Amino acid sequence: MNTILVGAQWGDEGKGKIIDVLTEASDIVVRSQGGNNAGHTVEVGKEKFVLHLIPSGILRPKKKCVIANGVVIDPVALVKEIEGLEKRGIKLAGRLLISETAHLVLPYHRKVDEARENRKGRNKIGTTKRGIGPAYGDKAARTGLRLIDLAQPKVFSAKLKARIEENNAILESLGGEPCSFREVEKAYLEAARKLRPFITNTVVWLHRQLEAGKSLLFEGAQGTFLDIDFGTYPFVTSSNTTAGGSCTGSGVAPHRIERVVGVMKAYTTRVGEGPLPTESADISDMLHAMGREFGATTGRARRCGWFDAVATRYARMVNGIDELAITNLDGLDTLKQIQVCVAYECRGKRLLYPPNDAEELLHCRPIYRKFPGWQKSTTKVRSFKKLPVAAQKYVTALAELTGAKLRIVSVGARREQTFRV
Ligand code: IMP
């Protein structure tokens with residue numbers, strides 16, 4: 001079965017962990033959008049891995065992984081990630097394939113990202129400063145450089161020179177530091193040499209695998225409300241994080257997709273700026289005091305709130321979510337009472353779906369339904385039936401309010417702290 005896995009909230013839903021579980025029944029794991037702004041955490045036994053560009057499937061030795069055309073790649077960061085995994089005994093040769101048409105993130109993208117954020121001051125997006133927006137901006141403006149360019153050093157150097165000249169002028173106007181052509185050229189050509197064995201035409205390779213009956217699992221990065229089209233624009237990332245992005249980002253046709261799995265936390269979190277209607281200082285303080293909800297990529301404390309079914313209902317609709325995985329249920333173990341937002345009240349109207357204008361979202365007041373807490377640890381539970389009854393009712397309600405089948409529940413970071421429903 002070919003499956004797309006997406007985040008149904010604002011990212012950080014625990015996708016890496018669910019991918020790791022679903023990988024068991026798949027042959028190939030594909031990343032098709034985003035870049036090293038992502039941080040997918042997987043805990044295997046006593047070991048913890050945080051993956052930024054490489055699909056989480058790499059942790060299962062028999063599986064193959066693809067970084068497809070829709071991903072933006074910082075080759076220096078990717079080499080570091082590859083070497084880090086190899087040092088920990090994970091073999092990548094013959095298992096990792098990287099698209100030659102994926103666009104590059106260059107140092108000037110990172111600098112422009114940072115300089116733009118600094119200029120915005122209070123209105124900043126709160127990006128990860130990994131250069132993601134400017135890299136996708138260059139792709140859309142048709143001024144991007146791709147991995148395929150690195151295969152021809154002379155052509156690459158000429159293109160890079162022109163791009164650095166233009167971007168240094170932009171950086172100067174933004175008050176940022178210029179880039180050195182020689183330094184970037186050296187670092188990128190060196191990284192290209194290390195990446196060469198992995199680079200290929202992944203579109204053709206993926207189609208051959210499909211013809212051979214292999215199954216694909218698409219590892220979505222970020223979440224529905226960070227999608228450039230469907231998120232809380234402009235407080236979004238610069239790619240299509242929703243299910244459709246998996247097809248354009250890999251060259252796999254939509255009719256090959258047989259299932260969409262949505263991952264959502266049992267509450268809501270967001271890192272960076274922008275509206276978060278159910279945000280609650282109480283739940284943020286509680287989760288941070290437990291040492292939870294700090295970003296895997298930037299270490300920033302995430303903003304936290306009650307579960308927002310208006311958001312996940314919309315996520316189900318735009319992604320075509322068939323099945324749900326609910327993560328971090330154990331984060332709510334100590335609460336006496338839990339709230340779930342079932343609709344918004346906005347200027348006298350009851351809304352079941354979020355308004356498109358992020359400004360308007362600031363005027364939305366959540367309408368809550370209260371659920372009794374279970375006040376028992378769920379971290380050792382390994383089946384739905386063994387969950388406290390109140391927890392069973394809670395997760396069942398989240399799935400019903402979202403409108404898809406509940407399939408997986410996760411009660412901790414480790415691989416084994418997951419069960420099917
Ligand atoms: P960018 O993708 O670095 O441009 O950041 C844009 C917005 O998306 C910011 O609010 C980031 O915090 C958020 N973001 C980007 N990647 C992730 C992620 O993997 N998890 C959660 N939030 C993310």
Side-chain angles (χ1 to χ4, degrees), residues 5-19 31-42 49-56 67 70-74 77 81 103 105-120 122-140 219-242 245 249 263-265 267-276 279 287 292-305 311 315 327-328 358 361:
L5 180 134
V6 289
Q9 296 161 321
W10 276 268
D12 306 317
E13 295 93 348
K15 295 179 293 294
K17 188 201 165 164
I18 303 299
I19 282 282
R31 266 285 303 271
S32 54
Q33 45 72 224
N36 61 341
N37 49 348
H40 291 173
T41 307
V42 184
F49 296 86
V50 182
L51 297 148
H52 298 286
L53 278 161
I54 299 175
S56 309
I67 303 177
V71 177
V72 286
I73 298 178
D74 174 339
E81 200 171 323
H103 277 249
V105 178
L106 284 131
Y108 51 78
H109 292 136
R110 280 198 304 275
K111 289 185 180 202
V112 168
D113 193 356
E114 182 160 11
R116 282 190 184 141
E117 283 285 273
N118 291 343
R119 275 170 74 95
K120 281 191 187 124
R122 278 182 54 237
N123 296 323
K124 68 178 184 195
I125 295 167
T127 73
T128 59
K129 297 187 179 162
R130 297 294 188 272
I132 305 299
Y136 277 115
D138 267 357
K139 179 177 178 177
E219 175 170 356
Q222 293 84 44
T224 298
F225 292 92
L226 293 174
D227 184 283
I228 184 90
D229 283 280
F230 304 109
T232 47
Y233 193 90
F235 302 101
V236 293
T237 190
S238 299
S239 64
N240 280 119
T241 61
T242 44
V263 186
M264 52 194 208
K265 274 183 180 151
Y267 45 89
T268 307
T269 65
R270 165 166 212 166
V271 56
E273 308 307 313
L276 187 65
E279 187 164 15
L287 291 163
R292 304 171 82 110
E293 302 309 341
F294 293 93
T297 298
T298 57
R300 290 181 288 177
R302 297 177 186 139
R303 299 155 61 196
C304 307
T327 65
N328 289 269
L361 204 45

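For clarity, every value in this text was computed on a predicted model and none was experimentally measured. Counting starts at 1 for both ligands and their atoms, in listed order. The figures that follow rest on heavy atoms only: side chains count, while hydrogens, waters and symmetry mates do not.
By the 6.0 Å contact criterion, NZ on Lys120 is enclosed, its count of non-hydrogen atoms from other residues, nucleotides or ligands being greater than 12.
Checked by distance only, ligand 1 and Asn37 come closer than 3.5 Å through their nitrogen or oxygen atoms.
The closest approach between Gln222 and ligand 1 falls below 4.0 Å for a heavy atom of the residue. Using a 4.0 Å cutoff on heavy atoms, Ala221 does not count as a contact of ligand 1. Within the structure, ligand 1 lacks Arg270 among the residues with a heavy atom less than 4.0 angstrom away.
Salt-bridge check for Asp74 with Arg130: failed, with every basic side-chain N at 4.0 Å or more from each acidic carboxylate O. Ion pairing between a basic and an acidic side chain is recognised when a charged N comes within 4.0 Å of a carboxylate O; Lys265 and Glu293 show such pairing.
Distance from atom 2 (O) of ligand 1 to its nearest protein heavy atom, with residue and atom name: Thr237 OG1, 2.6 Å. Atom 3 (O) of ligand 1 has its closest protein heavy atom at Thr128 OG1, 2.5 Å. Looking from atom 6 (C) of ligand 1 to the surrounding protein, the closest heavy atom is Val236 O, 3.3 Å. Atom 20 (N) of ligand 1 has as its closest protein heavy atom Asp12 OD1, 3.1 Å. The protein heavy atom nearest to atom 9 (C) of ligand 1 is Gly126 O, 3.2 Å.
Here atom 14 (N) of ligand 1 lies nearest to Leu226 when heavy atoms of Asp113, Thr269, Thr127, Leu226 are compared.
When each of Asp12, Asn37, Thr237 is tested with Gln222 by the rule side chain to side chain donor-acceptor pair (under 3.5 Å), just one qualifies, namely Asn37.
Side-chain atoms of Asn240 do not come within 3.5 Å of backbone N or O of Thr242 as any donor-acceptor pair. At least one donor-acceptor pair under 3.5 Å links the side chain of Arg303 to the backbone N or O of Gly272. Using modelled atom types, no side-chain atom of Thr224 and backbone atom of Gln9 make a donor-acceptor pair closer than 3.5 Å. A distance-only check finds no donor-acceptor pair linking the side chain of Glu81 to the backbone of Leu51 [under 3.5 Å].
Close approach of ligand 1 to Val271 (heavy-atom distance below 4.0 Å) involves ligand atoms 10 (O), 11 (C), 12 (O), 21 (C), 22 (N).
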